[in-house]
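Below: one structure, written as structure tokens.
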Amino acid sequence: MSRLEAKKPPLFISEPLATDAVSQSLSLLSGILKSSYGPAGRLKQLHNGVGGCVCTTSQSSALLGHLYTSQPVLRVLTASVRNHVSRFSDCGLFTAILCCGFIENFRSLNVAPFTIIKISKHLLSLCMDHLKSEACGCRVSVDFSSVETLVCLVRSILTSKPACMLNKTEVDHLTTLVLKAFLFTVPCHVETNAVLGKCVIVPVKGRRVVDSTVLPGLLIEMPEFQLGKPLAVKRTGSNVIKTALFSVSMSGDGFNSEEGTIAVHHGVSLEMSELNQLLNVGKQLVKDEVGLVLCQKVMHPSLKQYLKENGVIAVDRAGLSLMEPLGRMTGKEPPIASIHSLSPGCYGNLKDLCVESFASKHFLHLIPEDTVICSLILCNRSETAWDELKRVCETAEHVLQLTMKEPLALLGGGCTETHLASYIRHKSSSLPASTFQDLDCSQTQYQLVADRFCRSLESVARSLSHNDGEILTDTVYGHCWFVPSGSPCVSKWSDLVSKCGCGMNGNTEDLSWRFLQGQFGSPVVQGCPKEPSVKVADLLTLDCFAAKCSGLQVALETANLILDLSYIIEDQN
């Protein structure tokens, strides 16, 4: 009998943010995230140390998915950011960097955490009210009757991830394809509860990015098809292709011994009985003039041969991921889940079928009557770059969907962050005394928290610069300006900067610039930042409105949760 060890008491850690281990881990995580941020962000190589694939990326979903931390505080932070990314796909690094900034800036204040939380929530409400107001100078309306703003939005996402290794021509090409794919998924006939379609990404690695293309319908890889071979497909009297979509296995091994026992008469073969049942299904499909049979799982070779001899194209192993788009495209959801009875209404329809070839792959191209499903054939030179590009294209598609629900965008390039900081500094300096009474704090405490709140926003904008160049902000619009590294000292900053970070403002106006300070804060802007009068739509850097607003809220709520921690209790058994 093995010896039993006595249970160890739980480990109590009081004031976890005050410990050196948490401080160092938080600082390290913040440094990793900041150095990955933006179009000039540094790439990270992630691997598990015992072999396996290596991930080269600067994306938050990949970074936080591969990073492991033993600190409970950081696990809360990363879990919160990953949950945000799972819902919005975008602004993950923004959320994580801002959250780290809030924690680092607030914890050094000589103000009670409860007071900091109340004040910061009020500051957040000021930000959200400003972002949702028509007078907001960092908000852009998205007009879906014109593609200019949509192009800016997609291009901003594609250029933000350097691991995709795209040049300007490739960015322009992919921007067009992503927009085209998204428009394919928008229903032509608007209903009361219209549902967007789906874009399925088809991988073709080792080819040029400009070889990528978009096709309506679905592509299913079929290695046995040969080029030049005519594709004879059975059609109904109305010149459509009747389709049968099965989610049940058609391999002939339907009996599972784990589900119980079955009694079989002497001399009866269970396998032959199953096969006869499948062949009867095949006869029914032929009789019903079905031209295409699609099966999620395996199909018995004899059934495939029988269907082929009768002019029916049979495709098996389609996979679970294609079941939903196949059902929507053929007009029959859900798929057939039993082989024991086939009703006349269980079939769908397709407009056409053909064979397409890309690189060394051959595909069966399913073309629907109404296109809400499309295939994006995505090419890139290496597997690493393709993996990153796939994630970016999926993010761009999701951002377009979110923008359709709420047709707004925010200025990128650090300008929204510096504009909000300028707005909060102006707003917090002119609040009535009743506000401080309602929050049960002094004006001094409010100003201290507001200053750290603004520093946290500005730290996100500073994270976009990775070349030690100066960073400026103007006192008119509150936008962010980047001075190239190694620039000579001049009397006029307008000689060194041509456009602000988002590209909306040029240096033609008489703008008063100041340094975007680091640890020492910035002077209060005199007057509320204005909305620019000129908008250069074809050069804007934009961010997703819904994702960034959510990221701002998630960052502060998570930081407040962590600031409010007084104990961590760990079970050591």
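All residue numbers in this chain count up from 1 along the given sequence.
The pair R139-E134 meets the salt-bridge criterion, with a side-chain N (NZ, NE, NH1 or NH2) lying under 4.0 Å from an Asp/Glu carboxylate O. Ion pairing between E324 and R328 fails under the 4.0 Å rule for side-chain N and carboxylate O. Between E383 and K205, at least one side-chain nitrogen of the basic residue sits less than 4.0 Å from a carboxylate oxygen of the acidic one, meeting the salt-bridge criterion. Salt bridge status for K242 with D288: absent, with no side-chain N to carboxylate O gap under 4.0 Å. For the pair R391 and E394, the salt-bridge criterion is not met [side-chain N within less than 4.0 Å of a carboxylate O]. Ion pairing between K548 and E417 holds under the 4.0 Å rule for side-chain N and carboxylate O.
No option in R207, R381, R208 other than R381 meets the salt bridge (Lys or Arg N to Asp or Glu O under 4.0 Å) test with E170.
Not a single donor-acceptor pair under 3.5 Å links the side chain of N310 to the backbone N or O of V312. Not one N or O on the side chain of W386 forms a donor-acceptor pair closer than 3.5 Å with the backbone of G206. For T403 (side chain) and V399 (main-chain N/O), a donor-acceptor pair under 3.5 Å exists by modelled atom type. A donor-acceptor pair is defined here as one N or O able to donate and one able to accept, closer than 3.5 Å; such a pair exists between the side chain of K44 and the backbone of R42. In this structure, the side chain of T416 engages the main chain of L411 through a donor-acceptor pair within 3.5 Å. Looking only at distances, no side-chain donor or acceptor of E309 sits under 3.5 Å from a matching main-chain atom of Y306. A donor-acceptor pair under 3.5 Å is absent between the side-chain atoms of H479 and the main chain of G414, judged by distance alone. Listed for the R155 side chain is no donor-acceptor partner under 3.5 Å among the backbone atoms of V171. When atom types are taken as modelled, the side chain of K361 and the backbone of P203 share a donor-acceptor pair closer than 3.5 angstrom. Within the 3.5 Å criterion, the main-chain N or O of I32 finds a donor-acceptor partner in the side chain of S36.
Across every non-hydrogen atom of S375 and V202, the tightest pair is CB-CG2, 4.2 Å. Contact record, L131 with L552: CD1-CD2, 4.3 Å, taken as the closest heavy-atom pair.
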- Task: Kindly indicate, with the supporting measurements, whether the criterion side-chain contact (heavy atoms from CB on, under 4.5 Å) is fulfilled by Y347 and L342.
- Result: CA-CA 9 Å; Y347 303 122; L342 299 177; 3.9 Å; yes
- Run the numbers on T384 and M165 for side-chain contact (heavy atoms from CB on, under 4.5 Å), then give the verdict. CA-CA 10 Å; T384 297; M165 301 179 184; 6.0 Å; no
- Task: Show the numbers, then the answer: is there a side chain to side chain donor-acceptor pair (under 3.5 Å) between T57 and E388?
- Result: CA-CA 7 Å; T57 185; E388 187 83 345; 2.8 Å; yes
- Message: Using the rule given for side-chain contact (heavy atoms from CB on, under 4.5 Å), can you reason through T395 versus K161, listing the C-alpha separation, both sets of side-chain angles and the distance that settles it, and then say yes or no?
- Response: CA-CA 11 Å; T395 297; K161 304 303 174 189; over 6 Å; no
- Query: When you look at S550 and H84, which way does the side chain to side chain donor-acceptor pair (under 3.5 Å) test go after all the steps?
  - Reply: CA-CA 8 Å; S550 171; H84 161 81; 3.2 Å; yes
- Item | From CA spacing to verdict: side-chain contact (heavy atoms from CB on, under 4.5 Å), V248, S338 | CA-CA 6 Å; V248 67; S338 173; 5.9 Å; no
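The side-chain heavy atoms of V554 and C99, taken from C-beta on, include no pair separated by under 4.5 Å.
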